[in-house]
Novice: 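Sharing a structure below in structure tokens format, with a few things to ask.
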Amino acid sequence: MTSLSALELRVAPGRRRREAFVRAAFAVAAGLTVVVSAAIVLSLLGNALSFILKVDLGALWSDGWFPRRGMYDIKTIVAGTLIIAGIAMLVAAPLGIATALYLSEYAGRRTRSILKPVLELLAAIPSVVLGFFALTWISPNLIQRFTDAPLFSMASAGIAVGILVTPLVSSVAEDAMHAVPDYLREASYGLGARRRTTSVRVVVPAAVSGIVAALLLGISRAIGETMIVAIAAGATGGSLFGLNPLEPGQTMTAAMTALAIGSDQVRGAALTFESLFFVGLLLFLMTLSLNLASEAFVRRVRRLY
Amino acid sequence: MTHTTRVRPALAGILAVVVLAACSNTGSPTESSAASAGPSVAPVTGTLTISGSSTVEPITSIVAEDFKAKNAGVDYTVDGPGTGDGFALFCNGETDISDASRKIKDEEATACADKGIHYVELKIGIDGISVITSHSNDAVTCLSFLDLYALLGPESQKFAKWSDANALAGELASLDGYGDSHAPYPDAALEVTAPGEESGTYDTFVEFAITKIATAREKDAATRPDYTASGDDNVIIEGVSGSDSSLGWVGFAFADENKDSVKLLEVDGGKGCVAPTPETIASNEYPMSRPLFIYVNTDKEATNPAITAFVDYYLSDAGMAAVTEADYIALSADELAATRSAWEGR
Amino acid sequence: MTATSPSAGDLVALRLRGGGFDWRSYLLHGAMLLAMLLALGILLVLLADVAMRALPVLTQRPLDFLTSDLSSRPARAGIVQGLIGSLLLVFFVAILAIPVGVGAAVYLEEYARDTRITRFVRTNIRNLAGVPAIVYGLLGLAVFVTLLGLGKILIVGGLTLAILVLPIVVITTSEALRAVPGSIREAALGVGATRWEMVRSHVLPYAAPGILTGTILSLARAFGETAPLLMVGAVAGTFSGHGGLIEQLTGPYTALPTIVFNWAGQPQDEFRSLTAATIVVLVAVILLVNGTAIVLRNRYDRRW
């Protein structure tokens with residue numbers, strides 16, 4: 001039997017150097033993600049602050065969002081965002097939760113093999129496509145047929161955003177329901193409950209944190225959606241404050257798109273370019289808080305089980 | 001255990017496809033058209049950056065395409081963020097040619113002068129501004145400048161119905177030279193969809209219908225701010241056609257193309273109601289006909305011969321054919337001669 | 001047992017005999033079926049409507065459509081510039097986001113200790129994944145176009161999309177790495193491998209299918225993104241195809257989704273058909289890529 005000295009058991013220096021190098025490289029990669037975050041926050045903050053400092057604060061409470069006229073009424077675009085997100089959740093919440101419940105508690109292999117791909121397909125469709133669909137099909141066939149709304153309306157954009165968000169809500173809600181441990185179901189069945197009672201009275205309440213997380217994520221996604229509203233909701237140059245979903249409207253994201261497609265040195269009030277970042281910061285903060293809240297709810301689920 | 005499929009072969013595959021595709025797209029379908037162009041001057045090379053009016057964009061785009069077919073070495077970019085935005089870029093030296101659906105404004109000319117940019121203004125076509133409403137709106141067939149001011153001017157903010165403007169129209173009736181008032185207006189919702197301020201169409205409309213009356217009444221020469229503004233003509237057409245008692249304005253070419261969806265109103269500029277047609281616009285009988293321009297950066301010609309060759313082509317008969325192809329109105333023979341001599345004499 | 005209220009035994013007996021019509025269950029079942037039908041129906045209507053609108057272009061001039069440049073003349077307009085732009089962008093995303101993303105995930109899963117910093121980095125990445133795409137466009141506009149002065153070129157678009165996709169790559173790779181059982185790692189460490197050698201020879205090969213699926217799905221996502229590209233200056237009009245690869249990378253560019261957006265705003269009817277045809281190509285590519293990823297995932301899905 002050969003004997004080994006302690007020296008030979010050490011890792012060869014070449015290997016050690018390589019190990020150190022690789023570790024450093026991966027650490028840098030991980031660090032880059034933090035750099036990205038910082039860059040987002042800094043770039044938004046810098047220009048947004050410059051906007052706030054220079055703008056006449058009265059302009060932030062005017063009759064409408066007309067950036068080229070120096071009217072930066074925030075409540076117009078926030079209202080537009082919330083109205084469309086609201087309509088979207090009216091579509092996505094029932095559709096998403098119902099499909100999640102079915103997939104989790106009821107579906108057999110065959111239904112699952114149809115329903116899951118359908119949802120994954122819907123999730124894969126880019127938002128421009130849904131925007132085009134809203135303009136060419138949803139608006140004439142679902143909205144204009146029953147109301148006297150114009151072709152461009154927040155309602156048609158809202159429905160399309162709802163379709164966009166449904167697979168997300170469904171997937172997260174289904175994960176939450178799936179995560180409910182089987183012993184709870186078995187206890188329920190053991191007492192003689194039928195499937196409906198178990199699903200509605202046991203599983204859903206147990207999964208409620210996850211379902212809330214799903215809804216919050218859905219709202220966050222709906223708020224951040226850009227292309228559907230840019231194509232189908234209309235008022236890209238500016239709009240008055242309005243709460244009627246059957247009218248065209250502007251969201252924060254559509255306002256940003258309209259500002260950016262013009263040139264960098266847009267005409268009109270000199271602050272038009274910086275207002276873009278101000279709105280971007282608002283949007284970022286809104287979606288960040290929704291996402292953090294959603295994560296808090298998911299953590300609650302994990303803690304309980 | 002086998003190493004399962006790596007990303008690397010897939011990446012190599014994508015890279016190969018991409019390089020092949022990129023390298024093979026050096027020329028679009030140019031070979032056939034270049035052959036049929038006949039004996040040509042030595043082809044030029046260079047890059048053309050053109051921006052500005054979305055109204056003029058279709059014309060310039062066609063000319064650029066045809067020009068490139070004859071000069072494969074030229075690359076171009078044409079887009080249409082709006083006349084105003086176009087001038088901002090032009091006077092900052094970022095574009096070679098600026099499309100415009102109105103003349104350059106004084107402050108824009110000053111901005112160009114400040115940056116030392118010399119340019120020549122070339123009229124290349126004529127368009128009209130059409131006032132449009134929905135086909136369901138039977139009550140209105142003609143509007144005068146007076147009516148347009150009453151319904152759309154700076155003092156009309158918050159008028160939600162046509163009839164809200166009756167009082168203002170009454171006040172204005174005493175003014176002369178702006179056509180007859182067509183008040184009282186119908187008691188119907190006034191929904192306005194029209195271009196926003198980045199658009200030359202907006203500026204021209206204001207110049208024709210609003211400015212003089214506004215100045216006479218010492219108001220701001222601008223429209224009311226409360227309407228659905230969009231730089232997208234499609235939005236305007238759809239917005240106006242979609243509601244029963246709508247109102248808006250848009251370039252004649254677009255309105256004419258969509259006359260099945262919207263009703264083009266007659267306009268009275270002080271000489272009676274005139275309907276917009278190519279003839280009335282060309283003869284200026286229609287009160288809102290406007291010239292279309294291109295502004296060329298003459299300093300850049302020294303380093304970029306493509307600009308000279310391009311504008312030469314633009315003003316030739318072959319190039320000017322694009323104006324009518326894009327459904328605009330061609331210049332008269334005199335006007336074309338004037339433009340050509342402006343170009344020669346720059 | 002009292003005479004008025006039924007006993008527990010009576011209740012169970014009643015339930016077992018199935019007394020009464022359970023309308024609530026039917027209602028719930030009906031509601032769920034309706035939801036599924038709606039989801040399926042929406043998908044079918046969307047695909048069918050788009051396909052029908054695209055038919056004129058796709059039947060009359062399919063090859064010309066795929067190989068022509070953008071044009072104001074609808075009869076001549078084509079999407080080749082968008083195809084090339086999209087391919088180049090996806091290529092950029094792949095070479096930038098995948099190494100960095102996989103590297104970051106490996107670090108977080110295999111090397112980093114569970115400290116406050118690590119948890120912060122993880123939370124940060126999760127939040128980044130939820131940031132709307134348009135904000136990444138703002139980042140690209142502020143940093144790459146304006147601050148670094150690179151202008152509105154394809155490389156900037158690629159960088160912006162790569163940053164957008166990065167958090168997703170990190171998250172999916174992390175999940176794939178976590179799924180590898182610890183015994184595999186211990187086997188390598190037990191024979192004296194360094195951590196990197198263990199990861200390279202034991203963990204990565206087993207996690208590769210999951211990582212591959214995740215990266216393919218994120219590339220498909222980048223392929224369909226529009227808002228960030230509009231922010232950083234993808235061309236909104238027409239432009240001529242540039243020459244070699246370098247000019248393509250450093251010049252104006254467009255992508256399939258931006259073409260869809262631009263054409264959707266054109267008033268002429270023929271552009272509706274062109275928009276639909278572009279959507280058909282876009283969706284076909286995305287479905288193909290997603291389908292491949294799913295097939296790969298199913299094929300290589302190991303059961304531990």
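Proteins get letters first, then strands, A, B, ... in listed order; numbering begins at 1 in each. What you are looking at is a predicted structure, and each value in this text was computed from that prediction instead of being measured.
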Novice: If you define the side chain from C-beta out and look only at heavy atoms, does anything of A/Phe132 sit under 4.5 Å from C/Thr278?
Specialist: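 Result no, sub-4.5 Å side-chain heavy-atom pair not found.
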Novice: Flag the pair C/Met36 / A/Thr111 as yes when at least one side-chain heavy-atom distance between them is below 4.5 Å, and no otherwise.
Specialist: yes
Novice: For chain C, find which of A/Leu121, A/Ile125, A/Leu290 contributes the most heavy-atom pairs closer than 4.5 angstrom.
Specialist: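 Counting heavy-atom pairs under 4.5 Å, the top option is A/Leu121.
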Novice: C/Asn127 versus A/Ser37: any side-chain heavy-atom pair under 4.5 Å?
Specialist: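 A side-chain contact is absent here, since even the closest heavy-atom pair is not under 4.5 Å.
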Novice: Find the distance between CG (A/Leu44) and CG (C/Leu139) and round it off to the nearest 0.5 Å.
Specialist: 8.0 Å
Novice: Only one of C/Leu230, C/Ile134, C/Val135 passes side chain to side chain contact (heavy atoms under 4.5 Å, CB included) with A/Thr226; say which it is.
Specialist: C/Ile134
Novice: Could you grab the distance from atom CD of A/Glu19 to atom CE of C/Met198, nearest 0.5 Å is fine?
Specialist: 8.5 Å
Novice: Does any backbone or side-chain atom of A/Leu283 lie under 4.5 Å from a heavy atom of chain C? Answer side chain, backbone, both or neither.
Specialist: side chain
Novice: With chain A as the partner, which of C/Val100, C/Asn290, C/Leu138 has the greatest number of non-hydrogen pairs under 4.5 Å?
Specialist: C/Leu138
Novice: Measure the spacing between OG1 of A/Thr33 and CD1 of C/Ile163 and express it to the nearest 0.5 Å.
Specialist: 11.5 Å
Novice: Side chain from CB out, backbone as N, CA, C, O: work out which of these in C/Leu282 comes under 4.5 Å of a heavy atom of chain A, or both, or neither.
Specialist: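 Only the side chain of C/Leu282 comes within 4.5 Å of chain A.
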Novice: Considering the options C/Val260, C/Thr226, C/Leu46, which one meets the side chain to side chain contact (heavy atoms under 4.5 Å, CB included) requirement together with A/Val129?
Specialist: C/Leu46
Novice: Roughly how far apart are C/Trp196 CH2 and A/Phe26 CZ, rounded to 0.5 Å?
Specialist: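 So the gap between those two atoms works out to 4.5 Å.
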Novice: Can you tell me how far OG of A/Ser199 sits from CG of C/Leu28, rounded to the nearest 0.5 angstrom?
Specialist: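 If I round to the nearest 0.5 Å, the distance is 7.0 Å.
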Novice: What part of A/Glu225 gets closer than 4.5 Å to chain C, counting heavy atoms only: side chain, backbone, both or neither?
Specialist: neither
Novice: Nearest 0.5 angstrom please: A/Thr257 OG1 to C/Met231 CE, how far?
Specialist: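 So the gap between those two atoms works out to 4.5 Å.
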Novice: Taking every non-hydrogen pair under 4.5 Å, which of C/Arg221, C/Glu110, C/Glu197 racks up the most with chain A?
Specialist: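 Sorted descending by pairs with chain A, the first entry is C/Glu197.
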Novice: For the interface with chain C, which of A/Ala29, A/Pro167, A/Ala124, A/Gly224 has the highest count of heavy-atom pairs at distances below 4.5 Å?
Specialist: A/Ala29
Novice: Determine whether A/Glu295 and C/Thr123 make a side-chain contact, defined as any pair of heavy atoms from C-beta on separated by less than 4.5 Å.
Specialist: yes
Novice: Examine distances only and state if a side-chain atom of C/Arg53 and a backbone atom of A/Thr136 form a donor-acceptor pair shorter than 3.5 Å.
Specialist: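 Flag set: sc C/Arg53 to bb A/Thr136 pair under 3.5 Å.
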Novice: Name the region of A/Leu101, side chain, backbone, both or neither, that has any atom closer than 4.5 Å to a heavy atom of chain C.
Specialist: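 Contact with chain C involves both backbone and side-chain atoms of A/Leu101.
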